[in-house]
Amino acid sequence: MSDPVLLLGDRFQAALVLAFGPEHAGVDPAIRPSNHADFQANLALGLAKTLKKSPRDVAAAILAKLDGTGVVERTELAGPGFINIWLRAEFLSAEVARVAAAGTAGVEAHPTPERIVIDYSSPNVAKEMHVGHLRSSVIGDALARVLEALGHTVLRQNHLGDWGTPFGMLIEHLLDEGADADAHSIRDLNAFYQAARAKFDASPEFAARARVRVVSLQSGDEATLGFWRKLVEASRTHFNALYRLLGVTLKDEDIAGESLFNPMLGEVVSELESMGQCVENEGAKCVFVPGYVGRDDKPLPLIARKQDGGYGYAATDLAAIRYRLQTLNATRILYVVGAPQTQHLAMIRDAAIQAGWLALPARAEHVAFGSVLGEDGKVLRTRAGATVRLIELLEEGVERARSIVAEKAPELPIEQRDAIARAVGIGAIKYADLSSDRVKDYVFDWSRMLAFDGNTAPYLQYAHARICSILRKSNESVELASIAISEPQERVLALSLLAFPRALADVAESLSPHRLCGYLYDLATAFSAFYEHCPVLKAATPEVRRSRLLLSATTATVIARGLELLGIEAPEKM
RNA sequence: GCGCCGGUAGCUCAGUUGGAUAGAGCGUUGGCCUCCGAAGCCAAAGGUCGUGGGUUCGAUUCCCCCCCGGCGCGCCA
């Protein structure tokens, strides 16, 4: 247990029970980092009323029973009833040394691991990925990495848009043109998609054929399926290249697109019908969930089966949630999907509860996120008004980073500069996306995300590279060194290092990667202050030098590990 | 009309789940390289936490009414 908050929590709970009886065993000791001390315990203020004593008396009684052996240097009763806590320097030293020796940055596996499905990225076949797919891919991947690091079993599900109406018009258009899908790069298919779309909107005759083609696709017509497979294959190559460049861990085996659920749709609908949960309404088969009304004040349905006999996304999503619960045995399902789909996903979740598929302790959560905006405050688009292609965005990021690296580190060989440019450029884009509260929109701004000041990837990468430089120069193995905390900057750094597991737990609970970003920024800032005030290589004694080297090495480990969990590289030079 | 999400320094954003004097970066002003990477550090100035109520020892945080902005609301996904 390297986290002082947990250890102090145990000690204070024990003291509380000794002071006021076992009925208080479950009370949150409310240990918080403090501006006035290392930590503060706020439990006395909340207990005062139920105990019918003044908060200060409660705090004093708890302090009288507190066993701080080996951990607490001193305590202080302050203000209306706050308990300020200072930790023993020896305790901090030993805990940091343990973190350093364990090589896991202090993170321990969760006592009750879960099977967590994460639905993320989900691009559309036969369309290029655009900036809209960035957030789902990057946020979902960070959550997958963090939850895995905490010991959970993560089942990545890339819910590809590889089925449905668009394929009718795409295949029909391909047949019209006599084109061979093999000959087209994905970029051509992108243009192809737009042409098909235009035709679909302009020609009722074409639209009718497209709808018929959808039906033959859904009914398994071999010729139709042949074209479909070519489209899927070409798209998958494109997606994989982007995932590799972007550093997203999705693999082919994580693909669980809409087509996977096609064979289940009829069965899902008839199961819902037999339970009386799906009823005929205006020619469609509908699931009604209480609490949802439309514009006209009438109950809002999920359309499980359309008037024309086809199935829409509601049917697919119902089949998917059932599959994830009953076949994948998920205990937790995370949908990393944009905020506009909040109502739809809530209806899917409630319908699954209503059908008895989803029951506690299993749960389904929408990890909603806002839009990427341009400088005009509107959804990011190119100057021509088109959606921004993700590949172009990433390449521009790498290019901008490349010129900065060429300026700052001209002495490095070109191959190494290229690798650094990728790490910095891609890292900056991902970090900008991850570091703000995901439910909010954010403005895409190159100069801010590539800055070396503030809460950015380059700042963290720089802090890491600078430590690596010190370690290279030290020419000394410090694995077994002991740590001595004497300067205030060393204490702040040690406390920050020990907070890493807490930061990860926080991300897992809030499903907000930006909490990890905030933590890493604090850590890097703490290291910078330490670096300025505490000479490492030129420390006064060999013992202090070794201690500070180990503190530095541990910081580098935690920063690199934290960035890795965000899906961002940490170069040793930059 | 109903619903969801936002509103914190000039700008861009945090705020550890109700705690003490609301914090960063940019920008502005002023300092720090004969010294481990200055892509860095230190400091100053800058706030009616959208408005008004409520809950209580205590509210940026929880509840309610408004104001402003974004998004969603039957066979697209």
Side-chain angles (χ1 to χ4, degrees), chain A residues 5 30 32-36 40 42 45-46 48-49 54-55 78-82 84 122 124 161 164-166 258 281-286 291-308 310-314 316-317 338-344 346 368 370-371 373 377-379 404-405 407-409 424 435-437 439-443 445 447-448 451-456 458-459 461-463 465-471 473-474 499 502-503 506 509-510 514-515 517-519 521-522 525 528-529 531-539 548 552 573-574:
Chain A
V5 168
R32 306 278 185 268
S34 177
N35 293 326
H36 302 86
Q40 62 186 66
N42 300 339
L45 298 117
K49 185 179 286 181
S54 84
F82 300 108
N84 289 333
S122 309
N124 294 313
T165 321
E258 294 167 345
N281 187 280
E282 297 174 22
K285 295 189 176 179
C286 299
Y292 299 92
V293 292
R295 219 188 295 270
D296 53 9
D297 268 0
K298 292 196 328 202
L300 187 66
L302 281 168
I303 310 274
R305 188 169 174 274
K306 300 187 287 184
Q307 287 172 339
D308 65 5
Y311 298 100
Y313 68 111
T316 308
D317 286 344
Q341 295 203 47
T342 300
Q343 180 177 267
H344 168 70
S371 308
L373 307 180
K378 305 199 169 193
V379 174
I404 296 169
V405 173
E407 178 194 330
K408 303 284 187 187
V424 172
S435 60
S436 68
D437 189 352
V439 305
K440 298 184 185 177
D441 298 346
Y442 76 94
V443 177
D445 182 336
S447 62
R448 207 164 50 239
F452 304 101
D453 303 301
N455 190 9
T456 65
Y459 178 84
Q461 289 168 324
Y462 172 72
R466 193 157 63 164
I467 297 171
C468 289
S469 171
I470 295 172
L471 296 177
K473 289 199 169 112
S474 78
R502 205 179 326 140
D506 202 12
E509 186 178 335
S510 63
H514 82 284
R515 305 262 187 145
C517 298
Y519 164 76
Y521 181 56
D522 285 345
T525 302
S528 291
Y531 174 85
E532 293 293 327
H533 292 95
C534 306
V536 178
L537 296 178
K538 295 174 181 170
R548 289 180 179 169
S552 300
K573 290 182 184 177
M574 61 186 282

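To find a chain, count down the sequence lines: A is the first, B the second, and so on, and within it residues start at 1.
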Original post:
Would B:G52 be called syn or anti, given that syn covers angles within 90° of 0?
Top reply: anti

**OP:** Describe the nucleic acid contact of A:A465 in one word from base, sugar-phosphate, nothing, applying a heavy-atom distance below 4.0 Å.
**Re:** base

**OP:** With heavy atoms under 4.0 Å as the rule, sort A:A30 into base, sugar-phosphate or nothing.
**Re:** nothing

**OP:** Please confirm whether any donor atom in the side chain of A:D522 sits under 3.5 Å from an acceptor in the base of B:A14, or the reverse.
**Re:** no

Subject >> Donor-acceptor contact present, side-chain A:N455 to main-chain A:Y521, <3.5 Å >> reply: no

Original post:
For the side chain of A:K49, counting heavy atoms from C-beta on, which of B:A14, B:U56, B:G37 is nearest?
Top reply: B:U56

Original post:
Does the side-chain ring of A:H36 sit on the six-membered ring of the B:A20 base, less than 5.5 Å centre to centre and under 30° in tilt?
Top reply: yes

**OP:** Could you run through nucleotides 23-36 of chain B and give me one letter per nucleotide, 5' to 3': B if any protein heavy atom sits under 4.0 Å from the base, S if only the sugar-phosphate is that close, - if neither?
**Re:** -SSS--------SB

**OP:** Answer yes or no: is there a side-chain heavy-atom contact under 4.5 Å between A:R32 and A:N42?
**Re:** yes

**OP:** Classify the glycosidic conformation of B:C33 as syn or anti, calling it syn when the angle lies within 90° of 0.
**Re:** syn

**OP:** Go through the N and O atoms of the side chain of A:Q40 and the base of B:A20, and report whether any donor-acceptor pair is under 3.5 Å.
**Re:** yes

**OP:** Please measure how far the P atom in B:A38 lies from the corresponding atom in B:G50, and state the result in whole Å.
**Re:** 40 Å

Original post:
Where the side chain of A:S34 meets the backbone of A:H36, is there a donor-acceptor pair that is under 3.5 Å apart?
Top reply: yes

**OP:** Please examine the side chains of A:Y292 and A:Q343, heavy atoms only from C-beta on, and report whether any two atoms are closer than 4.5 Å.
**Re:** yes

**OP:** Please state the P separation for the pair B:A22 and B:U60 - nearest whole angstrom.
**Re:** 10 Å

Subject >> Donor-acceptor pair present, A:Y313 side chain and B:A77 base, under 3.5 Å >> reply: yes

**OP:** Name the orientation of the base relative to the sugar in B:U17: syn if the glycosidic angle is within 90° of 0, else anti.
**Re:** syn

Subject >> Distance test, side-chain N/O of A:K440 to OP1/OP2 of B:A14, below 4.0 Å >> reply: yes

**OP:** Answer with base, sugar-phosphate or nothing: what part of the nucleic acid does A:K298 contact at a heavy-atom distance below 4.0 Å?
**Re:** base

Subject >> side-chain N/O A:S528 vs B:C41 OP1/OP2, d < 4.0 Å >> reply: yes

Subject >> Under-4.0 Å side-chain N/O to phosphate OP1/OP2 contact, A:H514 with B:G15 >> reply: yes

Original post:
Contact class for A:Y519 (heavy atom, under 4.0 Å): base, sugar-phosphate, or nothing?
Top reply: nothing

**OP:** Just call it for A:A284: base, sugar-phosphate, or nothing, with non-hydrogen atoms closer than 4.0 Å on any strand.
**Re:** base

Original post:
Is the distance from OP1 or OP2 of B:G15 to the nearest side-chain N or O of A:R515 less than 4.0 Å?
Top reply: yes

Subject >> Inter-nucleotide C1' distance (B:C35, B:C41), Å rounded >> reply: 14 Å

Original post:
Looking only at atom P, what distance separates B:C62 and B:G19, rounded to whole Å?
Top reply: 11 Å

Original post:
Would you say A:F82 stacks on B:G19, if stacking means ring centres under 5.5 Å apart and planes within less than 30 degrees?
Top reply: no

